[in-house]
Amino acid sequence: MRYRTHTCGELNEGHVGKMTTLNGWVQKRRDLGGLIFLDVRDRSGIVQVVCNPEHAPEATKIAEKVRSEFVLAIQGQVVSRSEETINKKMKTGAIEIVAEEVEIVNEAKTPPFAVEDDVEVDETTRLKHRYIDLRRPMMQNTLILRHQVMQKVRSFLSEEGFIEVETPMLTKSTPEGARDYLVPSRVHKGEFYALPQSPQIFKQLLMVSGMERYFQIVRCFRDEDLRADRQPEFTQIDIEASFLEPEVFLSMMETMVADLCEETIGHKVSTPFERLTYKEAMNRFGSDRPDLRFDMELVDLSEMVKESGFQVFASTVANGGRVRAINVKGQAGWSRKQVDEWGKIAQQFGAKGLAWLAVKEEGTKGPVAKFLGETEWHDIMKATEAETGDLLFFIADQPKKSAEVLGELRVRLAKHLDLIPKGVFRFAWVTEFPLLAYDEEADRWFAEHHPFTSPMDEDLPLLETDPGSVRAKAYDMVLNGYELGGGSQRIHRREVQEAMFRALGFTMEEAKEEFGFLLDAFEYGAPPHGGVAFGLDRIVMLLAGRSNLRDTIAFPKTASASCLLTDAPSAVEENQLRELHISLRES
RNA sequence: GGAGCUGUGGUGAAGUUGGAGUUCACGCCGGCCUGUCACGCCGGAGGUCGCGGGUUCGAGCCCCGUCAGCUCCGCCA
């Protein structure tokens, strides 16, 4: 066969008169009886080839046998089309290739679905035949975008003096965090490696090693249940730096991400990014990854309703809870059934109930209405900026719960009511995360991020007295309601680390047992350092305007973590198990 | 672990009150067709209605179970 001199998509009027050889797949054959048109596709695009029985009888004869997705080699001349046959919908529509020779390089079975962007096919079929699915231009473009993002990140970070260092895939299982994927050791009977959830400890070790600036585009694994934006194996852009002012570091990361947006999808992003403290994000949006593309902010009514005749409100506030509301503009006309639907959704998120008020011309409707006094009602109207025609939703619960439930409702309502503007990218940093979270079940404090995250200096004394209120030098980059990445400044001073472990209920000796080698390493001169990890898949998903992580990954897993293409996971031979000293249990 | 939705020729759908595997579009196969690009026209083939059980004289349709996919809760940072 002949190999290409040009790609299909690059051809234009500038090539008219030239001989060309193309390789590609048959997108479509149109046989007019005499003339045969072939749309030939490669990664770059589609071009029309015309086979004329008078001009090239041999080639036309072969073209008759051609079917969709056959692989062809075509030799011919680029000619401009006559005015009336120009196809303005095609990038290459002003020209066509007059075939001299057509070679069927490989035949193809009829594909299970058409290789076109807008075909609706069940995802099972797409995943089973992923190699065909990936022929679709949209899928190819997403993978190309992904490649570009990786390229830009690599060049940006290299430019800033970061070194890409690989860290082990076979590593040690750690008790904290997500469930590990385990790999049995053949050599060490009864022992297991874990696949990394992230290279966290290694990148800090590299700081102790004096690498100063490290990054890695690295696969990470977490054996937890999947979501549309969560895969069991995913890719992180992992970054860590020593001797770098946190502010300088954050600004560097902003620039990287803003440049990415502009250089890949041409979307200009202004820096510096908006900043919100965790507290502000929770109070205003009920989320630590707020979607800032629309309003409908949460309003705290606790003070106004603490003496309310509506017992649920009054007693919630009396017990340290909060009463919050959102104003669903212009939806007072909803039926009881519609409102109840949202009550069910609120309950799904753990709310005890959803109180509501519809502000109508004839008066206020809703189960809460009759309990509210005149002043109370006036205050609420003012605080929520409610007008006639608005619908108010209330959640009364513990402070965090009431915010989170309403935050979820806020996002879902906005989607439902189509309030989210398209093509908008609202980046922000969320800062001052809580350092610790209390686990009721275990009856102890856990590190919210990880145990090496530095507390804020001014909160250090609180570590002994009020651990729950200690803020961390931790930050998340958020975009449109998604967490793009998160990081922190790490503890590098021994006395702070000891205070941290005391708060977690460990002695230094116990901590060493748990986190051994990192703490050992820290005793040999750890520099001040901090870093961040971005979710590459999510970045690509958002840049590509997709709502599903699978579309950004060449060979993704289904919701039950299996691969429909390879049929993984699967049973293995008994002798494989024997070598690994494994016997399967009944339950 | 739980909830919801979906499952019908290769693909996407429709399928009435439970009455013959019925229908539509695309695709596929054959024939005709020299300017199509959603080519057109004529003809044809193609089915374990996801799977198993039950109710019934009779099930794509009703009931129970189960599997798979998707979305969500729990889980996960």
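Here is the naming used below: chain letters follow the sequence lines, and residue numbers restart at 1 for every chain. Worth saying up front: this structure is predicted, and the values here are computed from it rather than measured.
- The residue Asp31(A) sits close to a base: some heavy atom pair falls under 4.0 Å.
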Inset, instruction - Please test Arg135(A) against Arg43(A) for side-chain contact (heavy atoms from CB on, under 4.5 Å), starting from the C-alpha separation and ending with a verdict. - result: CA-CA 8 Å; Arg135(A) 287 181 186 171; Arg43(A) 202 180 72 192; over 6 Å; no
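- Rounded to a whole angstrom, the distance from the P atom of U66(B) to that of G1(B) is 12 Å.
- A search for ring pair (Phe, Tyr, Trp, His ring centres under 6.0 Å) contacts involving Tyr438(A) returns Trp445(A), not counting sequence neighbours.
- Atom pair Lys65(A):NZ and G30(B):P shows a separation of 12 Å (rounding to whole Å applied).
- C62(B) and C5(B) have their P atoms separated by 13 Å, given to the nearest Å.
- For residues 74-81 of chain A, proximity to RNA chain B is found at Arg81(A), defined as any non-hydrogen atom under 4.0 angstrom from a strand atom.
- Shown here is Gln140(A), whose CD atom has more than 12 heavy atoms of other residues, nucleotides or ligands within 6.0 Å.
- For Thr85(A), the listed nucleotide lying nearest its side chain is C37(B); candidates were C76(B), U34(B), C37(B).
- Note: CD1 (Ile97(A)) to P (U36(B)) measures 19 Å, nearest angstrom.
- The distance between atom CZ of Arg41(A) and atom P of C37(B), rounded to the nearest whole Å, is 20 Å.
- Using a 4.0 Å heavy-atom distance criterion, Ser562(A) is classed as a sugar-phosphate-only contact.
- Position along RNA chain B of the nearest nucleotide to Asp229(A) versus Gly177(A) favours Asp229(A) as the more 5'-ward residue.
- Rounded to a whole angstrom, the distance from the C1' atom of G18(B) to that of C26(B) is 31 Å.
- The partner of G21(B) is absent, by the rule that a Watson-Crick or G-U pair needs both atom distances under 3.5 Å.
- Out of C37(B), G35(B), A38(B), the shortest distance to the side chain of Lys89(A) is found at A38(B).
- Donor-acceptor pairing under 3.5 Å is recorded for the side chains of Arg324(A) and Asn283(A).
- Across all strands, Glu96(A) comes closer than 4.0 Å to base atoms (heavy-atom distances).
- The CD-P distance, from Gln231(A) to U71(B), rounds to 9 Å in whole Å.
- Atoms CD (Glu64(A)) and P (C29(B)) sit 14 Å apart, rounded to a whole Å.
- Distances were taken from every side-chain heavy atom of Asp288(A) (C-beta onward) to each of A77(B), U71(B), C28(B); the shortest belongs to A77(B).
- The salt bridge (charged side-chain N to carboxylate O under 4.0 Å, His left out) search around Glu116(A) returns none, not counting sequence neighbours.
- One finds no side-chain N or O of Arg29(A) lying less than 4.0 angstrom from the OP1 or OP2 phosphate oxygen of C37(B).
- In this structure, C41(B) forms a base pair with G31(B), meeting either the Watson-Crick or the G-U wobble geometry with both donor-acceptor distances under 3.5 Å.
- With A77(B), G74(B), C70(B) as the choices, the nucleotide that has an atom nearest any side-chain atom of Arg227(A) turns out to be G74(B).
- Counting only heavy atoms from C-beta on, Pro53(A) has its side chain closest to U34(B) among G35(B), C76(B), U34(B).
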Nucleotides 10-12 of chain B: which of its N/O atoms have a protein N/O under 3.5 Å away?
unit_1 : atom_1 : unit_2    : atom_2 : d
G10(B) : O2'    : Pro112(A) : O      : 3.1
U11(B) : O4'    : Pro112(A) : O      : 3.4
G12(B) : OP1    : Asp122(A) : N      : 2.8

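- Remark: U66(B) base-pairs with G50(B); criterion is Watson-Crick or G-U wobble with both hydrogen-bond distances under 3.5 Å.
- With RNA chain B read from its 5' end, the first of the two nearest nucleotides for Thr558(A) and Glu408(A) is the one closest to Thr558(A).
- Counting only N and O atoms by type, the side chains of Ser488(A) and Arg490(A) include a donor and acceptor under 3.5 Å apart.
- The interatomic distance linking Leu565(A) (CG) with G69(B) (P) rounds to 14 Å, in whole Å.
- Remark: of the listed residues Arg219(A), Arg538(A), Arg222(A), Arg222(A) is the sole one forming a side chain to side chain contact (heavy atoms under 4.5 Å, CB included) with Phe234(A).
- A search for side-chain contact (heavy atoms from CB on, under 4.5 Å) contacts involving Phe555(A) returns Arg130(A), Leu134(A), Leu565(A), not counting sequence neighbours.
- Distance Leu32(A) CG to A38(B) P: 13 Å, rounded to the nearest Å.
- A donor atom on one side chain and an acceptor atom on the other are found under 3.5 Å apart for Asp238(A) and Tyr214(A).
- Residue contacts for Arg412(A): at a heavy-atom cut-off of 4.0 Å it reaches the sugar-phosphate backbone alone, with no base atom in range.
- For Arg550(A), the listed nucleotide lying nearest its side chain is U71(B); candidates were U71(B), A77(B), U36(B).
- Across G35(B), A68(B), A38(B), the shortest atom-to-atom separation from the side chain of Thr124(A) is found for A68(B).
- Remark: the Asp225(A) side chain and the C75(B) base include no donor-acceptor N/O pair separated by less than 3.5 Å.
- Remark: Glu274(A) pairs with Arg426(A) by the side-chain hydrogen bond (donor to acceptor under 3.5 Å, both in side chains) rule, at least two apart or across chains.
- Atom pair Phe349(A):CZ and C73(B):C1' shows a separation of 7 Å (rounding to whole Å applied).
- Between C76(B), C28(B), U36(B), one nucleotide has an atom nearer to the side chain of Ala178(A) than all others, and that is C76(B).
- Taking atom P in both U16(B) and G52(B), the straight-line distance is 23 Å, to the nearest Å.
- Within 4.0 Å (heavy atoms only), Leu564(A) reaches sugar-phosphate atoms of the nucleic acid but no base atom.
- Note on Gly350(A): nothing from the nucleic acid sits closer than 4.0 angstrom, heavy atoms only.
- Within the 4.0 Å cut-off from OP1 or OP2 of C37(B), not a single side-chain nitrogen or oxygen of Lys88(A) is found.
- Minimum atom distance to the side chain of Glu448(A) is reached by A77(B), of the listed U34(B), A77(B), G69(B).
- In the interface, the side chain of Arg222(A) is not paired with the base of C76(B) through any donor and acceptor atom under 3.5 Å apart.
- One C1' atom belongs to G15(B), the other to G9(B), and the distance between them is 15 Å to the nearest Å.
- Using a 4.0 Å heavy-atom criterion, one finds that Ser560(A) contacts the sugar-phosphate atoms exclusively.
- Nucleotide A59(B) is matched to nothing when pairs are restricted to Watson-Crick or G-U wobble geometry with both distances under 3.5 angstrom.
- For the pair Glu123(A) and Arg550(A), the salt-bridge criterion is met [side-chain N within less than 4.0 Å of a carboxylate O].
- For the pair Arg410(A) and Phe294(A), the cation-pi criterion (under 6.0 Å, within 45° of the ring axis) is fulfilled.
- With distances taken from any side-chain atom of Asn548(A) to the nucleotides A77(B), G27(B), C70(B), the minimum falls on C70(B).
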Legend entry - Stepwise side-chain contact (heavy atoms from CB on, under 4.5 Å) test for Arg412(A) and Phe349(A): CA-CA 12 Å; Arg412(A) 277 156 198 257; Phe349(A) 288 102; 3.2 Å; yes
